[in-house]
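Here is the structure we will look at.
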Number of protein chains: 2
Amino acid sequence: MDVVVFSFRQAEGIRVLLCKRRSEPFKHRWALPGGSLQYDESLERGVQRILESRTMIKATYMEQLHTFGKPDRDPRGRIISIAYMAIAKPERINLAEDESGEIYWYNIRRIPDLAFDHRRIIQAAIVKLKNKIWNDLLCFEMLEAKFLFSDLEILFNSLQDKPVERRNFRKKVLSFGILEELQDQIVGRRGRPAIYYRFNRTKYFELRDRGYNFYLPQG
Amino acid sequence: MDVVVFSFRQAEGIRVLLCKRRSEPFKHRWALPGGSLQYDESLERGVQRILESRTMIKATYMEQLHTFGKPDRDPRGRIISIAYMAIAKPERINLAEDESGEIYWYNIRRIPDLAFDHRRIIQAAIVKLKNKIWNDLLCFEMLEAKFLFSDLEILFNSLQDKPVERRNFRKKVLSFGILEELQDQIVGRRGRPAIYYRFNRTKYFELRDRGYNFYLPQG
DNA sequence: ACAAAAGTGTTCGATATACACCCATGT
DNA sequence: ACATGGGTGTATATCGAACACTTTTGT
């Protein structure tokens with residue numbers, strides 16, 4: 001199994017977690033965190049176990065991506081990879097200072113050469129992430145509990161070429177009625193202070209279950 | 001691997017191909033066509049081979065659905081199923097006269113008790129089919145080369161409770177510019193004769209590649 | 001005062017929605 | 001003639017697209 005773990009911070013953009021391989025094949029190449037499923041664990045538990053044992057990072061969201069099974073995808077023989085897509089909150093990111101370590105968060109626009117077919121897997125995960133963010137508001141899984149509207153804006157912008165139109169974007173997102181404005185303001189920065197928002201998950205699920213459509217235009 | 005094969009005919013609606021199991025476990029229960037992947041074949045080829053050997057039916061469209069891996073999903077032990085969704089054209093359907101045979105097309109609203117977790121797999125496939133039909137016009141994969149607008153209408157109606165509004169539906173679908181009106185008319189039926197249409201796949205792909213959005217409203 | 005970032009309203013065009021009658025054939 | 005299924009047009013409401021200036025703070 002392999003996992004594509006994404007995280008987001010305003011300063012760094014969207015990043016993917018990679019591990020440097022310690023053994024052949026592709027020794028010293030960067031690769032997705034991965035490993036073998038144990039006999040009696042579910043797929044989800046297996047992915048969690050592998051991720052945590054390899055990287056000490058816990059995913060806050062996880063979903064099956066695709067199963068990759070080309071006969072020649074692994075030089076060791078017939079190995080099928082059930083790939084998962086996951087999201088980790090930025091507060092969990094405190095390892096890996098630079099690329100010289102064993103683990104590193106790479107910006108999705110600057111992925112190095114990877115082992116196996118892992119580049120393809122990441123591409124597939126990015127496509128899925130995009131869809132989920134635009135259609136299912138998965139964006140809120142990528143933000144901290146309190147966030148600024150500019151965080152959201154930058155998150156969306158890091159997934160497409162043309163930036164969103166701020167006024168329309170704001171209007172539409174707020175119209176869903178799933179954000180709570182906090183009294184808190186961010187200070188100590190230049191410019192007008194921004195308002196913090198919180199995601200109301202309960203309301204979101206309520207609407208979702210009633211078939212409400214969270215599609216965001218201008219994607 | 002297991003396959004959920006769908007087909008459609010105006011008279012019968014959307015149906016799923018099921019096989020009666022010949023061996024334990026779940027002997028004599030209905031189940032999805034399935035089998036084991038061979039060492040050196042790709043997932044797609046494996047599914048095709050299994051489907052054809054079990055049922056003599058060739059799928060005209062195929063796509064990976066999901067991998068099901070609960071530890072207890074198979075009483076024989078840890079068996080993971082990579083499930084595919086497929087579509088067969090109605091002209092391929094000429095076996096299986098009734099439910100007493102080995103193979104039968106069951107209407108998706110009248111699925112019997114199934115072996116393993118196959119009911120879940122079918123549910124997942126139906127959700128995916130719905131999405132694909134509404135957003136990617138997968139509907140045309142389910143129709144014959146020549147078809148009537150009423151075929152389309154009935155196909156859409158068999159996936160949702162409220163019927164589509166005929167005038168709006170027609171207007172929207174025609175606005176995509178991917179249908180060609182044929183000179184042919186259907187005869188020998190009561191009522192005003194209907195016009196045959198043909199799907200222009202080339203135009204469809206052209207538009208698709210330019211990011212055209214084939215979303216159909218009122219879903 | 002100025003630079004930097006946050007916030008806001010309106011107009012216009014496109015498209016989804018709602019709705020009811022006429023048409024062409026077989027019987 | 002009538003029953004059956006096929007085909008069509010228009011008016012209204014909603015929503016997406018486009019667009020530029022004001023506000024509030026730090027320096």
Side-chain angles (χ1 to χ4, degrees), chain A residues 9-11 13 134-135 137 143 146-158 160-177 179-198 207 211-219, chain B residues 9-11 13 134-135 137 143 146-158 160-198 207 210-219:
Chain A
R9 264 204 304 214
Q10 177 155 162
W134 252 274
N135 302 308
L137 298 188
L143 298 174
K146 280 167 51 174
F147 57 87
L148 309 173
F149 234 100
S150 61
D151 291 326
L152 247 193
E153 207 181 317
I154 289 174
L155 173 51
F156 275 82
N157 285 341
S158 43
Q160 62 173 18
D161 300 326
K162 284 173 192 168
V164 299
E165 220 281 325
R166 205 154 24 134
R167 284 169 288 191
N168 297 336
F169 180 71
R170 225 190 163 81
K171 207 188 310 172
K172 181 68 179 173
V173 173
L174 289 175
S175 78
F176 295 149
L179 292 190
E180 289 165 13
E181 190 170 313
L182 302 182
Q183 294 315 317
D184 248 10
Q185 287 189 338
I186 192 170
V187 285
R189 297 198 313 179
R190 261 191 301 225
R192 177 172 173 174
I195 299 166
Y196 275 112
Y197 287 86
R198 184 170 48 186
L207 291 171
Y212 190 91
N213 184 6
F214 292 103
Y215 170 74
L216 274 171
Q218 203 177 111
Chain B
R9 266 205 301 215
Q10 179 154 163
W134 251 274
N135 301 309
L137 298 188
L143 297 174
K146 280 166 53 174
F147 57 88
L148 308 173
F149 234 99
S150 62
D151 292 325
L152 247 193
E153 208 181 315
I154 289 174
L155 172 51
F156 275 81
N157 286 341
S158 43
Q160 61 172 17
D161 300 327
K162 284 171 191 168
V164 299
E165 220 281 325
R166 201 150 31 128
R167 283 169 288 192
N168 298 335
F169 179 71
R170 223 188 162 81
K171 207 190 308 172
K172 181 68 180 173
V173 172
L174 288 175
S175 78
F176 295 148
I178 51 170
L179 292 190
E180 290 164 14
E181 188 171 314
L182 302 182
Q183 293 317 318
D184 249 9
Q185 288 191 337
I186 193 172
V187 286
R189 297 197 314 179
R190 261 192 301 227
R192 178 171 171 174
I195 298 166
Y196 275 113
Y197 287 87
R198 183 168 51 182
L207 290 170
R210 286 187 210 154
Y212 191 92
N213 186 3
F214 291 103
Y215 170 74
L216 274 172
Q218 202 178 113

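Letters go in sequence order (proteins before strands), and every chain restarts at 1.
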Separation of [X] atom [atom1] from [N] atom [atom2], in whole Å?
X: B/Gln10; N: D/dT4; atom1: CD; atom2: P; result: 16 Å
X: B/Phe149; N: D/dG5; atom1: CZ; atom2: P; result: 19 Å
X: B/Ile186; N: D/dG6; atom1: CD1; atom2: C1'; result: 11 Å
X: B/Tyr212; N: C/dT15; atom1: OH; atom2: P; result: 7 Å
X: B/Glu165; N: D/dG7; atom1: CD; atom2: P; result: 15 Å
X: B/Phe147; N: D/dG6; atom1: CZ; atom2: C1'; result: 16 Å
X: A/Arg170; N: D/dT22; atom1: CZ; atom2: P; result: 18 Å
X: A/Asn213; N: C/dA16; atom1: CG; atom2: P; result: 12 Å

Measuring from atom [atom1] of [X] to atom [atom2] of [Y], what distance do you get when rounded to the nearest 0.5 angstrom?
X: A/Leu137; Y: A/Leu179; atom1: CG; atom2: CG; value: 8.5 Å
X: B/Lys146; Y: B/Asp184; atom1: NZ; atom2: CG; value: 3.5 Å
X: A/Leu216; Y: A/Trp134; atom1: CG; atom2: CH2; value: 8.0 Å

Grab the N/O contacts between the protein and nucleotides 24-27 of chain C below 3.5 Å, and write none if there aren't any.
{"residue": "C/dA24", "atom": "N3", "partner": "B/Arg192", "partner atom": "N", "Å": "3.1"}
{"residue": "C/dT25", "atom": "O2", "partner": "B/Gly191", "partner atom": "N", "Å": "3.4"}

At a cut-off of 3.5 Å, list every protein nitrogen or oxygen paired with a nitrogen or oxygen from nucleotides 10-15 of chain D, distance to 0.1 Å.
{"residue": "D/dT10", "atom": "O4", "partner": "B/Lys171", "partner atom": "NZ", "Å": "2.9"}

Inset, instruction - Please determine which of A/Tyr197, A/Phe169, A/Phe214, A/Tyr215 meets the ring-ring contact (aromatic ring centres under 6.0 Å, His included) test together with A/Phe176. - result: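 For A/Phe176, the ring-ring contact (aromatic ring centres under 6.0 Å, His included) check succeeds only for A/Phe214.
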Inset, instruction - Ignoring backbone atoms, test whether A/Arg167 places a side-chain nitrogen or oxygen under 4.0 Å from the OP1 or OP2 oxygen of C/dG9. - result: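 Result: no.
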Exercise answer: donor-acceptor pairs, residues 149-157 of chain B side-chain atoms, under 3.5 Å, sequence neighbours excluded:
{"residue": "B/Asp151", "atom": "OD1", "partner": "B/Gln10", "partner atom": "NE2", "Å": "2.3"}
{"residue": "B/Asp151", "atom": "OD2", "partner": "B/Leu148", "partner atom": "N", "Å": "2.9"}
{"residue": "B/Asn157", "atom": "OD1", "partner": "B/Val164", "partner atom": "N", "Å": "2.9"}
{"residue": "B/Asn157", "atom": "ND2", "partner": "B/Glu153", "partner atom": "O", "Å": "3.4"}

Legend entry - Residue pair B/Lys172 / B/Ser175: nearest heavy atoms and the distance that separates them: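 Nearest heavy atoms, B/Lys172 then B/Ser175: O-OG, 2.5 Å.
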Inset, instruction - Hey, which sits more toward the 5' end of DNA chain D by its nearest nucleotide, A/Arg166 or B/Ala194? - result: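 First, find each residue's nearest nucleotide; the 5'-ward one identifies B/Ala194.
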Inset, instruction - Would you mind classifying the nucleic acid contact of B/Ser175 as base, sugar-phosphate or nothing, using non-hydrogen atoms under 4.0 angstrom? - result: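 Nothing: the residue B/Ser175, judged by heavy atoms under 4.0 Å, touches no strand.
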Inset, instruction - Would you classify A/Leu148 as touching base, sugar-phosphate or nothing, given that sugar-phosphate means primed atoms plus P, OP1 and OP2, and contacts are heavy atoms under 4.0 Å? - result: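 Answer is nothing: A/Leu148 stays at 4.0 Å or more from every strand.
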